[in-house]
Amino acid sequence: MDYKKVIAEKLSQIAGMESNESLEMLETPQYSEMGDIALPCFKLSRTMRKAPNIIADELKEAFKDVSGFSKIESLKGYLNFYVDKLAFAKQTLTEIIELGDKYGTSEEGLGKTICIDYSSVNVAKPLHMGHLSTTVIGHALYQIYEFLGYNCVGINHLGDYGTQFGTLIVAYEKWGDKDAVEKNGIAELTRLYVKYYDEEESHPELADEARLWFKKIEDKDSEALELFNWFQEITLKEVNQTYALLGIEFDYYTGESFYTDKMQPVVDRLEETKLLVKDQGAKVVRLDEYDMPPCIILRQDGASLYATRDMAAALYRKQTFEFTQCLYVTAYQQDLHFRQFFKVLELAGYEWSQDLVHVNYGMVSMEDGSMSTRKGRVALLKEVLNKALEKANDIIEEKNPDLENKEDIARMVGVGAIVFSALKNNRIKDIVFSWDSALNFEGETAPYVQYTHARATSVLEKSEISLIGEADYTALENEDAAALITSLSEFREIVKSAARRYEPSMITRHIVDMAQKFNKYYFEHRIIDNDSAEKNRARLMLAAATKQVIKTGLNLIGIESPNKM
RNA sequence: GUACCCGUAGCUCAGCUGGAUAGAGCGUCUGGCUACGGACCAGAAGGUCGUAGGUUCGAAUCCUAUCGGGUACGCCA
């Protein structure tokens, strides 16, 4: 039963409004003393030409016969509805327990496909902290949309195009060693890069060689391609270990180079629509009308650019996957780029350009300055994860040394802590990486929530009463239980909002909210007690429902829920 | 210079399409394990919601201006 709908329908009858219009007027009060659903009557006072408090009084009478509410109260121009707690508790808990991990799912996405472009690792470069946000946000959105019934396509848009790969071949040919690369992977490739740039200072002619090698890659010269593919293989093998640790898999690893032969149609279309104009030797699309600098499509030498490739990729994805939306999870530094190429596609007549979404996020920097590969200030993602894992392990040794599968649990907790910290705040916020806060396991953190889950599990295991059978929900007639049940029931809407706003942090925060309310309840009330089996059952159902929703929520943001820790 | 983003407690942040008394966590101080897991719970202290106008019955939320911080602005990605 949807209480808001019931109220909205009745209100529509009385005030003669559309039902969605009256639904929008309803809100959830800030304080539970003011009821569960509130109708502010201020706007009605204009059309009804009466004082809000009088309208509220009158509506109170009109709502008298509506069932499902234990009390309806008129207060200071608000009409406050108090839902029948017993019925609500029964409905919410039985629903969660019956649906299990399906609770919160939806069919809104059936038959729709969403492409998610995230993580975008560069060939021959390691994953560092700068990749954390895109990787975990993208993965969370993937999980969330799948949960809502969408078909998701996860794409790792590899950075595998550019002269840099020519330089890498030069470096490898001159100073490289097959075994060293096989053995040390990306670290060795990075060493070769650095060596190259050192040498280039005194031997500028190396740059010509690099350009030549890159040209060979583009021309699909077999020797060049073989080396390049090998570098890619080495890179993927290594980064996949980190992805595995995070529990992430991609459907496609189609990088920039994949689109090199797919750009002509884009250029042709821009020519046909007369959007492409020559400017200082380059070909651009002017965007002055839209308060943006021109979007460069072709360089003076005729070579394509970032925007050109991204447009080719968008076209390809539209044709291949027929997406209803295509999300790009990249940092806000690229805001302009996305606004530009979305606009160019729109001007070129691709009406689906409005389905392209730049899911931007803030930058990660180190405490002692900004993140820079050259200055060696990057924290590698795998190092951060390993450190968190060690910390989790230490805590387990200290608090629960007899725990089984310690390594597994330490992985879930340690990795969870890092993922959680990246999904706790709104995407747009910049993050200053600090070991202290990343390795903090108390308060609003993954371990806190996981601990709550383990606690609920523990109680459930301890009890011998089955969840099936008559339950006496009067055992849950207290503020703490009511607050928890409300929070659990809000989960569905939270998931939908998180999807609508591309904001996984909404889920993260709600999980914390549920955990806090459970812990409060747990502290104030016994779950297993010496009263009737029916009362015990009601309280156990509350614990079971909490366990379920926390687990589902954590899963959506890519975090596991250990039963013990 | 232009465009966009951010500004809420000492710190890190919530606050949905404007609604009643602005909320968490961390840190500080204090208290709580003889019953289901103390990675927990409770209490205290801490606020001109950057500033100034405006719209409104009502503004942290919308508009304008302004200050502070950030990002991006043609042949890199």
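Below, chain A is the first sequence line, B the second, and so on; all start at residue 1.
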>> Whether K76(A) contacts G58(B) is assessed here as follows: a side-chain N or O lying under 4.0 Å from the phosphate OP1 or OP2. Is that the case?
In response: no
>> Is there a side-chain contact between Y451(A) and the phosphate of A39(B), meaning an N or O under 4.0 Å from OP1 or OP2?
In response: yes
> Parallel, tilted or perpendicular: which fits the ring planes of F258(A) and Y316(A), with parallel below 30° and perpendicular above 60°?
Replying inline: perpendicular
>> Please pick, from G37(B), G15(B), A77(B), the nucleotide with the shortest atom-to-atom distance to any side-chain atom of R309(A).
In response: A77(B)
> If you check every side-chain atom of Y306(A), which of C41(B), A77(B), G37(B) has the closest atom?
Replying inline: A77(B)
> For C40(B), does either OP1 or OP2 sit under 4.0 Å from a side-chain N or O belonging to N519(A)?
Replying inline: no
>> Does the structure show a Watson-Crick or G-U wobble partner for G38(B), both distances under 3.5 Å? Name it, or say none.
In response: none
> According to the interplanar angle, ranging from 0 to 90°, do the rings of Y78(A) and F42(A) count as parallel (below 30°), tilted (30 to 60°) or perpendicular (above 60°)?
Replying inline: perpendicular
> Think R427(A) has a side-chain N or O under 4.0 angstrom from the OP1 or OP2 of C13(B)?
Replying inline: no
>> Going by side chain to side chain donor-acceptor pair (under 3.5 Å), N563(A) matches just one of K551(A), K547(A), E461(A), Q450(A). Which one?
In response: K547(A)
> Can you tell me if the side-chain N/O atoms of K429(A) get under 4.0 Å from OP1 or OP2 in A14(B)?
Replying inline: yes
> Out of A77(B), C13(B), G74(B), which nucleotide sits closest to the side chain of L305(A)?
Replying inline: A77(B)
>> Side-chain N or O of N426(A) versus OP1/OP2 of A14(B): is the shortest distance under 4.0 Å?
In response: yes
> P40(A) side chain: which of A77(B), G19(B), A14(B) is closest?
Replying inline: G19(B)
> Is there a donor in the side chain of T330(A) and an acceptor in the side chain of H358(A), or the other way round, less than 3.5 Å apart?
Replying inline: yes
> Do D160(A) and A77(B) share a donor-acceptor pair, side chain to base, under 3.5 Å?
Replying inline: no
> Considering every strand shown, what is the Watson-Crick or G-U wobble mate of C26(B) when both distances are under 3.5 Å?
Replying inline: G10(B)
> If we call it a pair only when both distances are under 3.5 Å in a Watson-Crick or G-U wobble match, what pairs with C62(B)?
Replying inline: G54(B)
> A20(B) pairs with which nucleotide, Watson-Crick or G-U wobble, both distances below 3.5 Å?
Replying inline: none
With 3.5 Å as the limit, what N/O pairs link the protein to nucleotides 28-35 of chain B?
from: A35(B); atom 1: O2'; to: R526(A); atom 2: NH1; distance (Å): 3.4

Taking only nitrogen or oxygen atoms into account, show me every contact under 3.5 Å that the protein makes with nucleotides 69-71 of chain B, one pair per line with its distance.
from: G70(B); atom 1: O2'; to: Y332(A); atom 2: OH; distance (Å): 3.1

> Using purine N1 to pyrimidine N3 plus N6-O4 or O6-N4 for Watson-Crick, or N1-O2 and O6-N3 for G-U wobble, both under 3.5 Å, which nucleotide pairs with A72(B)?
Replying inline: U2(B)
